[in-house]
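The structure appears right after this line, and notes come after that.
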Amino acid sequence: MIKILKYGEVLNSEIFNRGTASTDVSGIVADIIENVKANGDKALFEYCEKFDKAKLSSLEVTEAEIDEAFNSVEPKFLEIIQKAAENIRNFHSKQVRNSFIISEQDGIVTGQKVTPIEKVGLYVPGGTAAYPSTVLMDSIPAKIAGCKEICITTPPSADGKVNPVILAAAKIAGVDRIFKVGGAQAVAALSYGTETVPKVDKIVGPGNAFVAEAKRQVFGMVSIDMIAGPSEILVVADSTCNPEFVAADLLSQAEHDKMASAVLVCDSMDLANAVSDALERQIPKLLRSEIARASIDNNGKIIVADDLLKAIDIANEIAPEHLELCMDNPFDYLDKVKHAGSIFMGKYCPEALGDYYAGPNHTLPTSGTARFSSPLSVDDFVKKTQYTYYTRDALSRVYDEVAFFAEKEGLTAHAKSATIRFEEEK
């Protein structure tokens, strides 16, 4: 049963504790990365047979396989995927940055050039679970950014095939290449390249503890989006909320993972008790009830605050991945939210809208990192390069100041590089 805590009557460590740390898999992952670096495709085939029970003849998904998968998906689902893709495109197209140039002084030009990252790799969980939403959320911003090559790695099922809905979503999103590789070995292949899998410049996408650790270890060889932890939801609800709605929203994240965190912060003990009762009614009816039960019992909590302003303060301290403002007047509180990955406003905006359909990205900072990081966006798939131009006359006006600054830092060669251009005049 979920814990109910009265803010101010328990230790802050109980309020803000995020649960048990995951098992250390760093050694296993390091061995996998070294094997893929040394043996390339051979290692990938062996890992696929070992972990996915699939004996493959080739690693790359063919156009024929993609077309067959696309044609096998229920037409209604294809239509919904296409609508979701359009919503995601519309939202992310507003994020496009432009290069700029400044030339306000004679002889001086400064500017910034925005360039797409050339090759990106998207990790998409697969096997028994299929997440076409991840394909859309990770590939569409990359496509809008103008990335030259977008590759997906995803584990196959035992028959050697990729789940059809993943391939259908990839076709709709415009992904260039797809590979039947999962786990830490997929991250290694994208980072170092093999005979089949290209080396990329950036890897994005969620995964299990092995994938997350692999991304941590290859960072520097390639860029990554983030090290994602277990899923999180925090609902701030007022006393008028329907407890059945709130319980359902908490369970929408609890069913992801036994380590997932579902938290309610409210201003009413009556609501807290009603939501607890609703959770007990709803959990047994879930397909993933065992996972949801473990998440709610081990990591779930209901925090009762004095008022909604204090509830928002608590939410800011936790800095959740998903934050629901489940109240009639959510925009009155929006400016008070400082730390959250994505905010869902009002009583009819369940977090599931963001997972699949609304348009904002669902790849979000977890584990409190919303204090300093942002959702995946078009910005993640571009790089900014600065440039500077000075004429001789422009430099003559400031070279002595540049040299003076450099000498104050003890860098005389820096100073000399500015003054040497005018020594003949002196």
Side-chain angles (χ1 to χ4, degrees), residues 26 29-30 33-34 36-38 95-121 141-142 144-151 187-194 197-204 212-228 339 365 367-426:
S26 57
V29 169
I33 291 172
E34 287 304 312
V36 173
K37 282 172 65 177
Q95 298 174 335
V96 174
R97 290 181 180 267
N98 296 314
S99 300
F100 64 80
I101 187 169
I102 302 171
S103 56
E104 296 173 353
Q105 300 180 56
D106 289 343
I108 300 174
V109 178
T110 57
Q112 178 173 278
K113 184 167 71 78
V114 178
T115 309
I117 292 174
E118 286 197 8
K119 293 184 179 182
V120 296
I144 290 170
C147 297
K148 185 178 179 180
E149 186 170 42
I150 302 170
C151 304
V187 175
L190 291 168
S191 302
Y192 295 96
T194 70
V197 182
K199 180 184 184 304
V200 301
D201 303 306
K202 184 163 190 172
I203 300 172
V204 307
E213 177 60 28
K215 288 168 71 177
R216 187 193 309 276
Q217 292 190 22
V218 301
F219 177 64
M221 174 58 63
V222 293
S223 177
I224 61 171
D225 53 348
M226 63 187 75
I227 306 293
H339 309 302
S367 307
T369 59
R371 291 178 295 108
F372 52 79
S373 55
S374 307
L376 192 76
S377 71
V378 172
D379 280 348
D380 287 284
F381 298 102
V382 299
K383 52 194 177 71
K384 280 82 78 174
T385 305
Q386 303 169 156
Y387 59 87
T388 305
Y389 169 78
Y390 273 56
T391 64
R392 188 180 189 283
D393 286 344
L395 180 60
S396 72
R397 299 195 296 267
V398 300
Y399 78 90
D400 54 337
E401 295 176 358
V402 174
F404 189 86
F405 206 138
E407 287 165 356
K408 285 296 182 183
E409 291 193 347
L411 299 174
T412 55
H414 279 65
K416 185 70 171 179
S417 71
T419 60
I420 195 170
R421 287 166 162 79
F422 300 95
E423 285 181 354
E424 290 184 2
E425 293 182 3
K426 294 185 175 181

**Message:** side-chain contact (heavy atoms from CB on, under 4.5 Å), that's the test. Do Val398 and Tyr390 meet it? Break it down for me.
**Reply:** CA-CA 10 Å; Val398 300; Tyr390 273 56; 4.0 Å; yes
Under 3.5 Å: donor-acceptor pair, side chain of [X], backbone of [Y]:
X	Y	value
Arg371	Gly368	yes
Ser377	Asp379	yes
Ser373	Pro365	no
Arg216	Ala212	no

Heavy atoms only: give me the nearest [X]-[Y] pair and the separation to one decimal.
X	Y	result
Val36	Thr194	CG1-CG2, 4.1 Å
Asp106	Ala394	O-CB, 3.9 Å
Met221	Ser191	CG-O, 3.6 Å
Ala415	Ala403	CB-O, 3.6 Å
Cys147	Val120	SG-CG1, 4.0 Å
Ser374	Met226	O-CE, 4.0 Å

Could you give the distance from [atom1] ([X]) to [atom2] ([Y]), rounded to the nearest 0.5 Å?
X	Y	atom1	atom2	value
Asp201	Glu118	CG	CD	6.5 Å
Gln105	Thr110	CD	OG1	9.0 Å
Leu395	Thr419	CG	OG1	10.0 Å
Ile33	Glu213	CD1	CD	7.5 Å
Lys383	Ile117	NZ	CD1	8.0 Å
Phe100	Lys384	CZ	NZ	10.5 Å

Can you tell me if [atom1] on [X] sees more than 12 non-hydrogen neighbours from other groups inside 6.0 Å?
X	atom1	answer
Gln112	CD	yes
Arg397	CZ	yes
Tyr387	OH	yes
Lys148	NZ	no

Any side-chain heavy atom of [X] sitting closer than 4.5 Å to one from [Y]?
X	Y	result
Lys199	Leu190	no
Ile144	Val96	yes
Phe381	Leu376	yes

**Message:** For Ser26 and Gln217: C-alpha separation, side-chain torsions, deciding distance, then whether side-chain contact (heavy atoms from CB on, under 4.5 Å) applies.
**Reply:** CA-CA 8 Å; Ser26 57; Gln217 292 190 22; 3.8 Å; yes
**Message:** Before you tell me yes or no, could you show the steps for Ile224 and Val204 under side-chain contact (heavy atoms from CB on, under 4.5 Å), namely the whole-Å CA-CA distance, both residues' side-chain angles and the distance that decides it to 0.1 Å?
**Reply:** CA-CA 6 Å; Ile224 61 171; Val204 307; over 6 Å; no
**Prompt:** Quick one: do Lys416 and Glu423 make a salt bridge, cutoff under 4.0 Å?
**Reply:**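 Salt bridge flag = yes for Glu423 with Lys416.
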**Asked** Is Lys215 paired with Asp225 through a side-chain N to carboxylate O contact shorter than 4.0 Å?
**Response**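 Salt bridge present between Asp225 and Lys215.
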**Prompt:** Step by step, would you call Asp380 with Lys202 a side-chain contact (heavy atoms from CB on, under 4.5 Å)?
**Reply:** CA-CA 9 Å; Asp380 287 284; Lys202 184 163 190 172; 3.5 Å; yes
